[in-house]
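The next block holds one structure in the form of structure tokens; read it before the comments.
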Amino acid sequence: MALDLDWLKIERLDTIPELTGFYEWVKRLGSGERNLGEASVFAATELLGAIAVSDDQDAVRVGRKFGLKVHGTLWLLSLACRDGKLTEVNVGNLIDALRESGMRLPCSGSEYSGWARSKSNDRSTCG
């Protein structure tokens with residue numbers, strides 16, 4: 001389970017300034033119940049000076065408009081691949097599993113290598 005990973009840290013964002021930041025992102029995203037997840041991720045990203053991961057293109061556009069560093073899931077998987085933490089086969093399997101769960105991604109697992117090469121300046125996607 002993801003929550004059992006030793007490198008994963010759960011941050012509570014429940015002070016008045018933190019909640020105010022969340023509220024600002026709710027307004028920026030025009031959040032109903034649908035975008036509350038993105039609003040919380042963006043509030044934490046802003047507070048911690050981190051990089052947000054979101055595949056909601058409208059939310060990504062808003063986040064970048066307000067100065068956040070925002071990337072998608074495939075960027076994160078590609079970074080792990082380039083850093084030697086995953087292989088292309090691992091990434092392909094993860095992509096297929098995510099797509100089977102209903103996630104919309106721009107390529108299938110078998111299409112990943114070509115997709116990654118089209119987004120990269122070099123010829124290798126991993127290693």
Side-chain angles (χ1 to χ4, degrees):
M1 173 179 224
L3 295 178
D4 295 330
L5 298 172
D6 60 352
W7 55 267
L8 186 63
K9 183 178 174 187
I10 297 173
E11 292 283 343
R12 293 186 59 94
L13 302 174
D14 54 7
T15 67
I16 296 299
E18 293 164 347
L19 291 171
T20 300
F22 170 71
Y23 176 70
E24 287 301 314
W25 280 106
V26 167
K27 289 191 314 186
R28 290 171 181 166
L29 291 167
S31 294
E33 288 183 28
R34 182 177 173 271
N35 289 331
L36 293 178
E38 279 83 3
S40 64
V41 167
F42 288 2
T45 297
E46 186 173 59
L47 180 70
L48 300 172
I51 298 172
V53 176
S54 175
D55 291 300
D56 180 320
Q57 292 307 303
D58 292 334
V60 168
R61 214 171 0 269
V62 172
R64 289 179 179 161
K65 176 182 173 185
F66 286 94
L68 291 185
K69 292 180 184 175
V70 186
H71 295 284
T73 300
L74 291 186
W75 170 84
L76 182 63
L77 293 175
S78 295
L79 183 63
C81 195
R82 281 191 302 274
D83 289 349
K85 295 176 181 165
L86 294 173
T87 66
E88 281 189 38
V89 171
N90 297 139
V91 172
N93 290 338
L94 286 168
I95 289 169
D96 287 339
L98 290 168
R99 286 171 59 111
E100 285 176 22
S101 75
M103 188 173 194
R104 293 186 309 253
L105 294 169
C107 67
S108 68
S110 63
E111 297 166 335
Y112 170 71
S113 293
W115 179 89
R117 280 185 193 73
S118 75
K119 302 293 181 190
S120 175
N121 290 336
D122 66 32
R123 295 185 189 269
S124 66
T125 58
C126 293

* To do: Treat each ILVMFWY residue as a node, draw an edge where side-chain heavy atoms are under 4.5 Å apart, and state whether V89 and L79 are in one component.
  => no

* Any salt bridge (charged side-chain N to carboxylate O under 4.0 Å, His left out) involving residues 37-48? Give me the pairs, sequence neighbours left out, ordered by first then second residue. => R28-E46

* Which residues pass the side-chain contact (heavy atoms from CB on, under 4.5 Å) test with S40, sequence neighbours left out? -> F22

* To do: I would like to know whether W25 and N35 meet side chain to side chain contact (heavy atoms under 4.5 Å, CB included); could you show each step before the answer?
  => CA-CA 10 Å; W25 280 106; N35 289 331; over 6 Å; no

* Heavy-atom donor-acceptor pair, R117 side chain to S113 backbone, under 3.5 Å -> yes

* Asked: Quick one: do R61 and D58 make a salt bridge, cutoff under 4.0 Å?
  -> yes

* Answer yes if W115 and L98 sit in the same cluster of Ile, Leu, Val, Met, Phe, Trp and Tyr residues linked by side chain heavy atoms under 4.5 Å apart, and no otherwise. => yes

* Look up atom CG in N93 and atom OH in Y112, then write down how far apart they are to the nearest 0.5 Å. => 12.5 Å

* **For E18, all residues meeting side-chain contact (heavy atoms from CB on, under 4.5 Å), sequence neighbours excluded** => L13, D14, T15, L47

* **Point-to-point distance, once rounded to the nearest 0.5 Å, from CZ of R82 to CG of L77** => 10.5 Å

* Can you find a heavy atom in the side chain of L29 that is under 4.5 Å from one in the side chain of D56? -> no

* Could you list the residues that satisfy salt bridge (charged side-chain N to carboxylate O under 4.0 Å, His left out) with E24, not counting sequence neighbours? => K27

Identify each donor-acceptor pair in which a side-chain atom of residues 66-76 lies under 3.5 Å from a protein atom, sequence neighbours left out, and give them as a table.
residue: T73; atom: OG1; partner: D55; partner atom: OD2; Å: 2.3

* **Any residue meeting side chain to side chain donor-acceptor pair (under 3.5 Å) with R104, in chain and number order, not counting sequence neighbours** => none

